[in-house]
Novice: 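Handing you this structure, nothing more for now.
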Amino acid sequence: MYLAKYIAKRLFWGIVTTLIVLFITFWLIRLLKIEVPLDKVAAQIQEQRREALGYNKPILVQFWRWISHLVRGDWGTSYFIEKLVPVSDIIKRRLVPTVTINIYSEVLIIPLGILLGIFAATKKNKWQDHVINTGVMMFMTVPSFVMCFLWMYILCYRLGWFPMQIYSLSESGGWFTGKMLYSMVPGILALTLGNIASLARQVRAELTDQIEADYMLLARAKGLTYRQAIYKHSLKNAFIPIFPGIIAGFLGLFAGSFFVENIFGIPGIGKLTLQALNTYDYDVFMSCEAFYGIIGMLATIIYDISFGIIDPRIKMGAR
Amino acid sequence: MTPNELKALDINTARLSFRENEVSRFDLELTTKPKSFAAESFIRFCKNKSSVVGAIIIIALIFASIVGPLFVPYELSYNDNDYINMKPKGFIFGDGTYTLDGDAKTFLYWSAIGLAIKDTNGDAFKNGELSVSNDDDIINELSPIRSYVTYSAPDGSTRYKMKIDSYFRMGFKIVTLSQADYDALLAYQVETGEQVVYPMLPKPNQRSMNIWFAADSKNMPKLDKNGNLTEEYLRDGDGNVMFFYPSGNNGSQKLVRVLTYKYYVYKNGHVPVNILGTNNIGQDVFVRICGGVRTSLLLALAVFVVTFVLGAFIGAIEGFFGGWLDMLIERIKDVISGIPFVVLATLFQLTFVVTGKVSGVGSLLFAFVLTGWISNSSLLRTQFYRFKKQEYVLAAQTLGASDMRQIFKHIFPNSLGTVVTMCALDIPYTIVSEASLSYLGLVSLETTNTSSLGNMLSNGQGNLLSNPHLLLVPAIVLALLMICFNLFGNGLRDALNPTLRGSED
């Protein structure tokens with residue numbers, strides 16, 4: 001019961017905060033000065049369009065109109081990016097490449113990150129650990145877009161193994177073909193390595209704590225081998241703080257990346273947001289922001305709740 | 001008791017003796033000097049090898065970015081329209097050359113530049129002194145071709161692999177000079193013995209001043225019966241070579257064909273050497289990178305100072321007083337941290353920078369400060385919650401210390417280490433945010449007098465195929481900055497944490 005109450009409370013506050021943030025974003029994006037075309041006719045058309053869409057009304061009226069339509073499933077219409085196409089259609093279409101590349105990355109990140117972390121923890125303070133730690137530090141600190149450039153330079157330019165930009169749909173025959181996967185490899189590498197490093201570091205830190213715990217001594221005293229003791233006892237405990245992050249990370253599949261998508265020419269949701277911001281396509285931009293806001297809110301709630309589900313000792317929200 | 005009062009007591013001091021006079025004391029005196037917190041932190045920091053390396057590299061980078069540009073004759077605002085997309089030259093970076101694979105026509109074009117350089121007075125070709133087939137004539141210290149090899153292509157034609165020096169590839173160009181400028185140039189030639197002015201061509205508006213030979217409409221050279229190029233210099237009525245072409249009102253201006261390299265030396269007083277090459281608008285990449293590093297660091301430092309002060313102040317108030325004030329500020333922080341930073345930065349850029357009210361750095365600083373204090377104040381808030389109920393604060397309170405005294409004299413110094421470290425890790429974050437925003441083109445710190453690593457990256461991405469170093473060098477510098485600042489920050493965190501004292505031994 002306490003869990004339902006907790007979720008309700010979190011959801012309520014989450015929605016209130018998201019609404020306020022969305023309102024401020026809504027207001028800020030309308031503060032951006034739009035360029036008035038030099039051509040008089042074009043300027044008049046633009047002015048009439050803005051008048052018809054209610055952009056000259058008070059900001060609260062506009063926001064109410066937008067949010068009430070959003071709740072009813074009408075996300076608005078794009079004008080500059082794809083003329084007069086419903087935003088929900090655009091977002092649905094743009095989500096496909098983003099989710100595809102993120103699934104490919106996640107498939108690499110989770111097993112590799114966990115395995116590397118376990119390996120480093122069991123070899124603590126030996127040379128294998130130092131090598132992994134150095135790699136982790138390098139890949140975690142170098143920002144993802146610099147990583148993109150380095151991969152682009154090495155793999156696409158120097159070695160010429162991969163195309164500079166991903167193939168178009170007509171070239172590859174679909175988002176899920178092998179050819180598309182091949183052209184996505186540099187982008188996937190740029191997305192995964194940093195995340196593998198941070199997951200490995202987290203696993204190593206948690207596991208080394210657990211390996212030094214008293215119950216491990218008991219397990220060894222009972223006659224378990226080192227390996228058995230790690231897999232039966234300490235791994236389970238080490239994963240308590242790690243799993244919620246992984247579960248919440250699945251929602252991150254929908255979050256696009258500004259950089260990977262822009263650098264490798266992937267027509268995903270991150271690129272859409274940037275395009276919308278650059279062209280002042282209000283409806284598209286606000287829908288993207290609402291989409292991100294809701295995903296972010298859900299991710300934190302799921303993160304908190306899954307703690308309680310994985311470890312019954314933890315009662316979220318209880319005093 | 002004063003000595004006088006003691007005397008008044010009239011004690012017989014002869015009967016008194018020192019109690020411990022004969023007893024030897026076994027306590028040792030303190031032989032070590034007490035160390036201050038700063039000294040101890042420094043020693044702990046120095047034990048961490050990787051952090052020290054990080055710190056040294058950071059200091060070296062800062063030093064290089066300030067001092068480095070003094071050693072090259074270029075400034076941030078410098079650009080040259082002739083010397084664009086130069087290859088790195090000097091040091092270990094390269095020799096300024098690139099390989100060009102071409103057919104016989106391409107080879108003739110390049111070798112003709114080398115030939116024409118040797119023809120200083122315009123008579124060499126007439127006298128048959130120079131020949132295309134002679135390598136010594138084609139390759140000299142000013143010629144674009146440094147060396148070449150021939151090979152036969154699958155279709156049977158001969159192809160040439162040429163090593164072209166990018167600093168000499170422009171060959172000749174045309175300049176418009178007034179009579180005074182022209183005289184000065186001639187005087188310079190006499191004084192230094194350098195040949196700058198070369199024989200003029202008959203068509204001053206032709207596409208390239210390097211086509212000095214007889215050619216058809218497709219610039220394909222017409223060879224004479226010896227297989228040699230025939231020159232087509234501008235000559236006066238007597239058949240003498242002319243070195244200028246009069247233009248403007250009654251010939252007040254002179255069109256002069258000059259060797260670009262020599263003319264550059266004449267104009268700038270130094271030879272063109274760009275150790276990291278130049279970009280596609282002819283700016284010196286090395287100087288721009290140094291400028292970019294300076295901009296990044298300056299911005300990061302300013303953000304560090306402002307957010308530290310602001311975050312510390314708000315966090316202290318929140319943590320110390322708690323209650324409804326804490327609740328209110330926490331909600332405000334939730335909202336502000338939810339606003340997408342990209343929108344804020346873009347908004348500031350468009351409202352303040354484009355209209356010219358604030359510089360790009362200033363508006364970005366404002367955007368960073370607006371969101372940056374949140375994490376710092378949250379951190380300080382938890383520290384205050386941790387410390388404010390401890391006994392020593394209670395003792396201070398009992399003794400009548402005011403709120404401000406408790407905050408700044410008792411609690412704040414204890415949480416300083418954590419907060420400083422946190423803010424130090426904000427520096428790499430600021431640097432990378434600035435670079436990514438300017439890479440995406442949302443903010444622009446790139447003007448004639450400032451440069452930004454992010455702009456250089458987006459510029460370099462467009463030129464990846466022709467000039468990969470334009471992308472690679474700023475990317476490596478940025479990566480190096482990130483790694484070193486993180487190493488440094490981690491070391492600082494361990495060094496300033498007194499609970500780790502002695503745990504390494």
Side-chain angles (χ1 to χ4, degrees), chain A residues 13-14 16-35 130 133-134 137-154 156-158 164 257-259 261-264 270-271 273-274 276-278 280 285-286 288-289 292-293 296-297, chain B residues 50 54 330-340 342-351 354-355 425 428-429 431-433 435-437 439-442 453-454 457-458 460-461 464-487 489-490:
Chain A
W13 278 114
V16 169
T17 320
T18 312
L19 274 181
I20 297 175
V21 168
L22 279 181
F23 172 69
I24 295 178
T25 315
F26 190 87
W27 175 57
L28 288 181
I29 183 91
R30 272 161 172 73
L31 281 183
L32 297 179
K33 286 212 175 55
I34 47 155
E35 274 175 46
H130 293 309
N133 274 340
T134 313
M137 198 275 304
M138 297 264 278
F139 286 115
M140 269 187 72
T141 48
V142 175
S144 75
F145 73 109
V146 174
M147 203 65 103
C148 285
F149 289 134
L150 294 179
W151 286 124
M152 195 179 203
Y153 177 76
I154 297 169
C156 309
Y157 175 76
R158 258 285 134 88
M164 293 261 181
S257 154
F258 276 146
F259 302 109
E261 291 183 6
N262 268 294
I263 292 170
F264 292 105
K271 201 171 179 184
T273 315
L274 197 68
L277 184 61
N278 278 329
Y280 306 137
F285 182 77
M286 280 316 297
C288 289
E289 281 304 322
Y292 280 134
M297 185 186 76
Chain B
S50 59
E330 280 298 292
R331 294 287 83 77
I332 293 175
K333 285 204 273 195
D334 276 354
V335 171
I336 295 182
S337 60
I339 301 171
V342 177
V343 180
L344 267 185
T346 316
L347 181 80
F348 286 153
Q349 170 81 14
L350 290 175
T351 358
V354 174
T355 51
L425 286 173
Y429 168 77
I431 294 177
V432 79
S433 302
S436 48
L437 284 173
Y439 164 72
L440 292 173
L442 293 173
L453 290 176
L457 283 172
S458 68
Q461 196 194 354
L464 181 61
L465 288 178
S466 52
N467 283 300
H469 70 275
L470 289 184
L471 178 70
L472 201 60
V473 177
I476 288 175
V477 169
L478 197 58
L480 206 61
L481 272 178
M482 283 303 102
I483 292 175
C484 293
F485 265 112
N486 277 290
L487 281 178
N490 289 338

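Lettering follows sequence order; numbering is per chain, from 1.
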Novice: Above 12 or not: heavy atoms from other molecules or residues under 6.0 Å from CE of Met137(A)?
Specialist: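 For Met137(A), atom CE is crowded (more than 12 foreign heavy atoms under 6.0 Å).
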Novice: If you count heavy-atom pairs under 4.5 Å between each of Ser436(B), Ser337(B), Pro474(B) and chain A, which one has the most?
Specialist: Ser436(B)
Novice: Ile339(B), Ile476(B), Asn490(B): which one forms the most heavy-atom pairs within less than 4.5 Å of chain A?
Specialist: Ile339(B)
Novice: Applying side-chain contact (heavy atoms from CB on, under 4.5 Å), run through Phe23(A) and Val335(B) and close with a yes or a no.
Specialist: CA-CA 10 Å; Phe23(A) 172 69; Val335(B) 171; over 6 Å; no
Novice: Quick one: sort the Phe259(A) and Tyr439(B) rings into parallel, tilted or perpendicular, breaks at 30° and 60°.
Specialist: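 Ring orientation of Phe259(A) relative to Tyr439(B): tilted.
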Novice: Measure the spacing between CG of Leu471(B) and CG of Leu150(A) and express it to the nearest 0.5 Å.
Specialist: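 That separation rounds to 8.0 Å.
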Novice: Working to the nearest 0.5 Å, report the span between CE of Met164(A) and CD of Gln461(B).
Specialist: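 That separation rounds to 9.5 Å.
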Novice: Which one of Leu472(B), Asp334(B), Leu487(B), Val342(B) has the most heavy-atom pairs closer than 4.5 Å to chain A?
Specialist: Leu472(B)
Novice: Going through the distances and angles, do Val432(B) and Val146(A) end up as a side-chain contact (heavy atoms from CB on, under 4.5 Å)?
Specialist: CA-CA 9 Å; Val432(B) 79; Val146(A) 174; 5.8 Å; no
Novice: Considering only heavy atoms, which portion of Ile24(A) lies under 4.5 Å from any heavy atom of chain B: side chain, backbone, both, or neither?
Specialist: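 For Ile24(A), the contact with chain B is made by the side chain alone.
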Novice: Show the nearest heavy-atom pair for residues Tyr157(A) and Leu464(B), with the distance to one decimal.
Specialist: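 In terms of heavy atoms, the two residues are closest at CE1-O, 3.6 Å.
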Novice: Most heavy-atom pairs under 4.5 angstrom with chain B, which of Thr141(A), Leu277(A), Leu274(A)?
Specialist: Thr141(A)
Novice: Who wins among Leu440(B), Thr346(B), Asn486(B) for the most heavy-atom pairs under 4.5 Å with chain A?
Specialist: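 Option with the greatest count: Leu440(B).
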Novice: What part of Leu480(B) lies closer than 4.5 angstrom to a heavy atom of chain A: side chain, backbone, both or neither?
Specialist: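 Neither part.
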Novice: Look at Ile263(A), Val16(A), Val142(A), Thr273(A) and state which one has the largest set of heavy-atom pairs under 4.5 Å with chain B.
Specialist: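 Looking at each option in turn, the highest pair count goes to Ile263(A).
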Novice: Do other residues, nucleotides or ligands put more than 12 heavy atoms under 6.0 Å from the CZ atom of Arg331(B)?
Specialist: yes
Novice: At a heavy-atom separation under 4.5 Å, does Leu22(A) approach chain B through its side chain, its backbone, both, or neither?
Specialist: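 Nothing of Leu22(A), per the 4.5 Å heavy-atom cut-off to chain B.
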Novice: Where does Met140(A) contact chain B at under 4.5 Å (heavy atoms): side chain, backbone, both or neither?
Specialist: neither
